[in-house]
Amino acid sequence: MALVFPGQGAQQPGMGRPWAGRPGWFLAERASEVSGRDVVELLLRADEEYLRRTDNAQLATFVLEMVILTELRQALPAAGRPAVCAGHSLGEYAALVAAGVIGFDDGVRLVAARGEAMRKACAAEPGTMAVVLGLSAGELERAAAGVREEGGRVWVANLNSPQQTVVSGDSESVARCSAAAEELGATRVVSIPVGGAFHTPLMAPAAASFAKTLKKAEFLHGFAPVVANVDARAHRGSDDWATLLERQLTGPVRWTDSVRTMAETLHCDMFVEIGPGRTLTGLARKIAPQVTRLTVSEPGQLPAVPATLTRSVA
């Protein structure tokens, strides 16, 4: 079993309501104490615009994933000892908690500091992102390199699947790269409503600021490996996670290779996506169609998990 966690962009207004009052909800209240932010308000009542703000989206999404993980482990004890964990961008922090590499309180502190550092970097250096469909990552990288050769600032930021890649940079450069991608045969280009060039060198100020917080965090050995975004390799808690997480802010998310590492190298035949939406299970279907996929985003999906696992293992 692989546990996977989505990142920023998966958030939805009111996404905590189905979980409010349930046994795992105490973590939302604990997160409020640790962060000094009203996480309960973010999960229950924040509107779309406020929740989209980088620091709010990251903290709310991480905490909800922790609430769901706690409930899932009650319904499915095997989720307490997964073969491997991974998360997309922000989701990597939930994966580290799920693998026992960092504690919940440290996870809250790291995510809150990361979101604040990225928000400030976005304000100082605005940027945007766009999803490109129907074009290989190699072809898109050549298009981005062409724009950079002409003085532009745009990079491949997320390698999500063989046919879905995200570019990130300043608005003008992303627009030029998007046009070049369409000329190369991209079937669709969709703008992502964010205010920053995430996973690019433009996030270097955020990485430098966040590195100070990372040095204070305690990274444990853990009981499961976590596949890192930056190199798509399985790392134990004894590895230098502070460096890996700092690099993640300015480097691309290698999600396609991460899924292949879990499915092919580590032989995971079940992926359980924990958090709002079902983006990662959709990507897994395209990258590793042989694996069983489950999404747990609402309480009503919990009872089906043990039965599904039993059939899968049998």
Side-chain angles (χ1 to χ4, degrees), residues 5-11 31 35-37 39 42 46 48-63 87-94 96 102 106-131 144 147-148 151-160 165-178 191-217 228-231 240-255:
F5 300 85
Q8 185 177 348
Q11 74 276 355
S35 66
R37 300 284 311 281
V39 179
L42 287 175
E48 184 175 359
E49 181 179 358
Y50 189 63
L51 192 60
R52 188 187 299 133
R53 203 177 80 179
T54 297
D55 53 340
N56 295 336
Q58 293 192 24
L59 186 57
T61 301
F62 168 79
V63 173
H88 192 287
S89 190
L90 162 72
E92 192 157 82
Y93 292 81
L96 288 166
I102 57 177
D106 262 350
V108 171
R109 294 186 190 99
L110 287 172
V111 168
R114 179 183 189 265
E116 180 63 16
M118 292 175 70
R119 185 184 69 82
K120 289 180 178 178
C122 292
E125 190 77 74
T128 192
M129 304 174 78
V131 180
V147 174
R148 291 198 300 273
R153 299 182 301 171
V154 61
W155 296 265
V156 169
N158 299 340
L159 297 94
N160 286 339
T165 309
V166 175
V167 292
S168 181
D170 66 61
S171 297
E172 181 185 0
S173 299
V174 169
R176 288 161 57 193
C177 186
S178 298
S191 178
I192 303 176
V194 295
F198 302 148
H199 300 291
T200 75
L202 297 183
M203 284 290 111
S209 172
F210 185 47
K212 300 173 185 177
T213 304
L214 284 167
K215 290 179 181 178
K216 300 175 184 177
N229 286 179
V230 297
D231 60 10
D240 189 0
W241 269 105
T243 298
L244 291 169
L245 293 171
E246 182 181 351
R247 288 173 54 198
Q248 190 222 62
L249 285 176
T250 56
V253 175
R254 302 184 182 280
W255 191 251

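- For the pair R254 (side chain) and N229 (backbone), a donor-acceptor distance under 3.5 Å is absent.
- In this structure, the separation between CG on L214 and CH2 on W241 is 11.5 Å, given to the nearest 0.5 Å.
- With sequence neighbours left out, V194 forms a side-chain contact (heavy atoms from CB on, under 4.5 Å) with M129, I192, F198.
- In this structure, the separation between NZ on K216 and CZ on R109 is 11.0 Å, given to the nearest 0.5 Å.
- Note that OH of Y93 is 4.0 Å distant from CG of L245, once rounded to the nearest 0.5 Å.
- Looking only at side-chain heavy atoms (C-beta outward), H88 and N158 come within less than 4.5 Å of each other.
- The side chain to side chain donor-acceptor pair (under 3.5 Å) test applied to S89 returns R114, H199, not counting sequence neighbours.
- No side-chain donor-acceptor contact under 3.5 Å links S209 to the backbone of P205.
- Inter-residue side-chain proximity for W155 and P201 is flagged as met; some heavy-atom pair is nearer than 4.5 Å.
- When side chains are defined from C-beta on, V154 does not count as touching R176, because their heavy atoms never get closer than 4.5 Å.
- With sequence neighbours excluded, the residues satisfying side chain to side chain donor-acceptor pair (under 3.5 Å) with R148 are E141.
- Judged purely by atom type and a 3.5 angstrom limit, N56 uses its side chain to pair as donor or acceptor with the backbone of Y50.
- A distance-only check finds no donor-acceptor pair linking the side chain of D55 to the backbone of A112 [under 3.5 Å].
- Here the CG atom belonging to L59 is positioned 12.5 Å from the OG1 atom belonging to T54, to the nearest 0.5 angstrom.
- Residues that satisfy the side chain to side chain donor-acceptor pair (under 3.5 Å) test with D170, not counting sequence neighbours, are R153, S173.
- For the salt bridge (charged side-chain N to carboxylate O under 4.0 Å, His left out) test, residues two or more places apart in sequence or in another chain that qualify with E48 are R52.
- In this structure, the separation between NZ on K215 and CD on E246 is 8.0 Å, given to the nearest 0.5 Å.
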side-chain contact (heavy atoms from CB on, under 4.5 Å) between L96 and L110, intermediate numbers included: CA-CA 11 Å; L96 288 166; L110 287 172; over 6 Å; no
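- In this view, D240 and A242, T243 satisfy the side-chain contact (heavy atoms from CB on, under 4.5 Å) rule, not counting sequence neighbours.
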